[in-house]
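Okay, structure first, notes after.
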Amino acid sequence: MDINKLKVLFTEDEIQRRIKELSEEMNKFYKGEEVYAICVLKGAVMFATDLVKNLNMPLKMEFIRLSSYNGGTTTSGKVNAVDISLPDLNNKNVLIIEDIVDTGLTAKFLLDFMNCNFHTKSTKFCSLLDKKIKRVTEVEPDYYGFEVDDKFLVGYGLDYDGYYRNLRYIGYADKF
Ligand code: IMP
């Protein structure tokens, strides 16, 4: 693991600026209505905490944990719900916060889960990154920060084998 080999894709400033823009859109959309922000662990932890600090409506945070990677750089193609205990979200505004939408399997799993279990007032899906080129489902995020190419990215919550989540920027390496 050599941080010096990473190339920076989005700097801390670029990420924070984009988060401000996204939060302004959300503040307009929700017009002060209460929101349940659901952070998808572990990858979305940095993004979710920075995003909610910029939201101005009454807000509750929930955390769920899913996994689809086995420690490498490719998805297993199967989403595992490690911990998905949630309060009653009937008639609530739900904002799901993810780090990256890649194949879209995780997003689809979560949206299906919401539909099957709750009649929410609204369900919106927000992802910091959108790797549109890899999509195998029809799911699209309602909000996303940046569209990205088909590179394996790390930093700001995104990991390779558990490492790099603590970086303030998002980067990639030619080889991990
Ligand atoms: P999807 O189900 O294929 O859309 O993948 C979603 C999950 O895969 C994300 O929440 C990440 O945990 C992981 N993932 C996808 N692409 C990357 C990447 O470039 N770096 C790190 N994790 C990734």
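Every number for a ligand or one of its atoms is a count from 1 in the order of the listing.
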side-chain contact (heavy atoms from CB on, under 4.5 Å) assessment of Leu41 paired with Val82: CA-CA 10 Å; Leu41 295 173; Val82 181; over 6 Å; no
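- Remark: ligand 1 atoms within the under-4.0 Å shell around heavy atoms of Asp99 are 9 (C), 10 (O), 11 (C), 12 (O).
- Remark: among candidates Val40, Ile170, Asp102, the nearest residue to atom 4 (O) of ligand 1 is Asp102, based on non-hydrogen atoms.
- A chain of hydrophobic side-chain contacts below 4.5 Å, direct or via other Ile, Leu, Val, Met, Phe, Trp or Tyr residues, connects Val45 to Phe10.
- Heavy-atom proximity to Asp159, at under 4.0 Å, picks out these atoms of ligand 1: 21 (C).
- Residue contacts with ligand 1 include Lys131, since one of its heavy atoms falls under 4.0 Å from the ligand.
- With a 4.0 Å heavy-atom cut-off, ligand 1 is reached by no atom of Leu66.
- There is no side-chain donor-acceptor pair under 3.5 Å between Glu34 and Asn93.
- Annotation for ligand 1: atoms under 4.0 Å from non-hydrogen atoms of Leu105 are 2 (O), 4 (O).
- Looking at Glu98 against ligand 1, only its side chain comes within 4.0 Å, counting heavy atoms.
- At a 4.0 Å cut-off, not a single heavy atom of Leu129 sits close enough to ligand 1 to count as contact.
- Using a cutoff of 4.0 Å between basic side-chain nitrogens and carboxylate oxygens, Glu138 and Lys108 are not scored as salt-bridged.
- Not a single heavy atom of Gly43 sits closer than 4.0 Å to an atom of ligand 1.
- Ligand 1 has at least one atom lying under 4.0 Å from a heavy atom of Lys151.
- Here Asp174 pairs with Lys7 in a salt bridge; the nearest charged N to carboxylate O distance falls below 4.0 Å.
- At distances below 3.5 Å, not a single donor-acceptor pair connects side-chain atoms of Asn90 with backbone N or O atoms of Thr120.
- Heavy atoms of Thr106 found under 4.0 angstrom from ligand 1 belong to the backbone as well as the side chain.
- Of all the listed residues (Leu153, Asp149, Val139, Leu158), Leu153 holds the heavy atom that lies closest to atom 20 (N) of ligand 1.
- Cation-pi geometry between Lys175 and Phe152 is not satisfied (NZ or CZ under 6.0 Å from the ring centre, within 45° of the ring normal).
- No side-chain N or O of Tyr156 forms a donor-acceptor pair with one of Asn166 less than 3.5 Å apart.
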